[in-house]
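First comes the structure, then the notes that go with it.
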Amino acid sequence: MLRKDRNKPSVHKHSKKPAAKPSMCEPAIAERISRKLNMTEDIIAKAPIITGYGRHRFCVENYRNIIEYTECLIRIQTKTCRIHILGEKLIIAYFREDGMCVTGNINSIEYH
């Protein structure tokens, strides 16, 4: 007859595993991989790449999703932060899986 330890909770083999916590060595791993593959860390880590073209065009690569979209405010979620684009007559010129571009009279860009 098998004895079960009464102090230890039984866990079913199909129960959900706890989510893995991000480790502090992720940037170091991305740096090593990028050196080996001759690629920039931004691409490996999927960090947001932000390019501004004057006050009327702003492009973001590696974004996750669009949180809010109005004529005066566009809020974008990236892997590391939220980006708020404030202005007038803002339009998302295009958005794809990997990048998007906002046009209009851009007054400020905030990182949250």
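No continuous path of ILVMFWY side-chain contacts below 4.5 Å connects Y63 to L86, so the two sit in separate hydrophobic clusters. No continuous path of ILVMFWY side-chain contacts below 4.5 Å connects Y69 to L73, so the two sit in separate hydrophobic clusters. I67 and I85 end up in different hydrophobic clusters when Ile, Leu, Val, Met, Phe, Trp and Tyr side chains are linked at under 4.5 Å. Cluster annotation: I106 is connected to F95 through the hydrophobic network of ILVMFWY side chains, with a link wherever side-chain heavy atoms come within less than 4.5 Å.
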Please evaluate residues I83 and I109 with respect to the criterion side chain to side chain contact (heavy atoms under 4.5 Å, CB included), reporting the C-alpha separation (whole Å), side-chain torsions for both, the decisive distance (0.1 Å), and the verdict. CA-CA 7 Å; I83 300 172; I109 299 162; 3.9 Å; yes
Evaluate the criterion side chain to side chain contact (heavy atoms under 4.5 Å, CB included) for residue pair R55 and N107; output intermediate values, then yes/no. CA-CA 7 Å; R55 294 182 58 93; N107 295 332; 3.7 Å; yes
Evaluate the side chain to side chain contact (heavy atoms under 4.5 Å, CB included) criterion for residues H56 and N105: first the C-alpha distance (whole Å), next the side-chain angles of each, then the deciding distance (0.1 Å), finally the verdict. CA-CA 5 Å; H56 301 286; N105 298 324; 3.2 Å; yes
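Among all heavy-atom pairs drawn from C81 and H112, the shortest one is CB-O, 3.2 Å.
In this structure, E68 CD and Q77 CD are separated by 13.0 Å, a value rounded to the nearest 0.5 Å. Distance OG1/T103 to OH/Y94: 10.5 Å, rounded to 0.5 Å. In this structure, SG in C72 is found 8.0 Å from CD in E88, a value given to the nearest 0.5 Å. Distance check: E110 CD to H84 NE2 gives 7.0 Å after rounding to the nearest 0.5 Å. Between the CZ atom of R64 and the OG1 atom of T80 there is a distance of 9.0 Å, given to the nearest 0.5 Å.
Taking the side chain as every heavy atom from C-beta outward, T78 and N62 never approach each other to under 4.5 Å. Side chains of Y111 and I50 form a contact here, defined as non-hydrogen atoms less than 4.5 Å apart.
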